[in-house]
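Step one of this worksheet: look at the structure below.
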Amino acid sequence: VRTFEGGFDGKGLRIAIVVGRFNDLLTGEMLEGALDCFRRHNVDAVDVVKVPGSFEIPLVAKKLAESGKYNAVLALGAVVRGETKHFDLVANEVAKGVANVSLQTGVPVIFGVITVEDELQGLNRAGVKSNKGFEYAMAALEMANLMRELK
Ligand SMILES: O=c1[nH]c(NC[C@H](O)[C@H](O)[C@H](O)CO)c([N+](=O)[O-])c(=O)[nH]1
C-alpha cells in the first residue's frame, strides 16, 4: 500500500496569500498567524495581496494561481453575519469561487474564510482561543507538498 501525505517543510515553496480587508481586526490577525506559520516552516517566498472584502478573493486567487508562480494560494477572510444582510450570498459565493479556482487551475487554494455569527466568535478564531490563520497556513503547506509528491 502506498500512502501519500504532504509534509510541512516550506523549503522551496512559494505561497501567495490573498486577504480581505473587511473585518480587518479579524483578518489582520489571521494574516499575522499565517505569516508566523510560513516563517517558522521556512517557506522560501510569501506574497500578500490585499482586497477590499471576501467577495473579491476568488478573482485575485484565480490570477495568482494562473500565474504559475505559486505552489499554493491561501485565501483569508472573515464574513460576520451580525451586520451582514447578505451574509449567505457573500459566504457561499466565496466558497464556491475559491473551490472553482482550485479545480480550474490545479493549484491548491485553501479556503481560510471564517464565517461567524458575531465579532466575538471571530476574535476567538483570530487569536483569542486559536488563530485560524496559522491553521489554514498549515493546510496550505501540506497541500503544496502533497501536490509536488503526486506530480
Ligand atoms: O469579507 C467580508 N466582506 C463583506 N462585504 C464586502 C464584500 O466582500 C465586497 O468587498 C463588497 O461587496 C464589494 O464587492 C462582509 N459584509 O458584507 O459584512 C463581510 O462580513 N466580510
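Just so you know, ligand 1 is whichever comes first in the structure, and atom 1 is the first atom listed for that ligand.
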* Asked: Going by the atom numbers of ligand 1, which of them fall below 4.0 Å from some non-hydrogen atom of Asn23?
  -> 19 (C), 20 (O), 21 (N)
* Numbering the atoms of ligand 1 from 1, which are under 4.0 Å from a heavy atom of His86? -> 17 (O)
* Any N or O of Ala78 closer than 3.5 Å to N or O of ligand 1 -> yes
* Structure fact -> ligand 1 atoms nearer than 4.0 angstrom to some heavy atom of Val80 are 20 (O)
* Would you say Asn92's side chain and Asp88's backbone share a donor-acceptor pair under 3.5 angstrom? -> yes
* Structure fact -> All heavy atoms of Lys11 vs all of Asp44, minimum pair found to be NZ-OD1, 3.2 Å
* Smallest separation among heavy atoms of Cys37 and His41, with atom names -> O-ND1, 2.8 Å
* Any nitrogen or oxygen of Phe55, main chain or side chain, under 3.5 Å from a nitrogen or oxygen of ligand 1? -> yes
* Kindly confirm or rule out an N or O of Pro52 lying under 3.5 angstrom from an N or O of ligand 1. => no
* To do: Return yes if some donor-acceptor pair links the side-chain N/O of Glu142 with the main-chain N/O of Met138 below 3.5 Å, else return no.
  => no
* **Among Val19, Val18, Asn23, Val90, the one residue meeting side chain to side chain contact (heavy atoms under 4.5 Å, CB included) with Ser54** => Val90
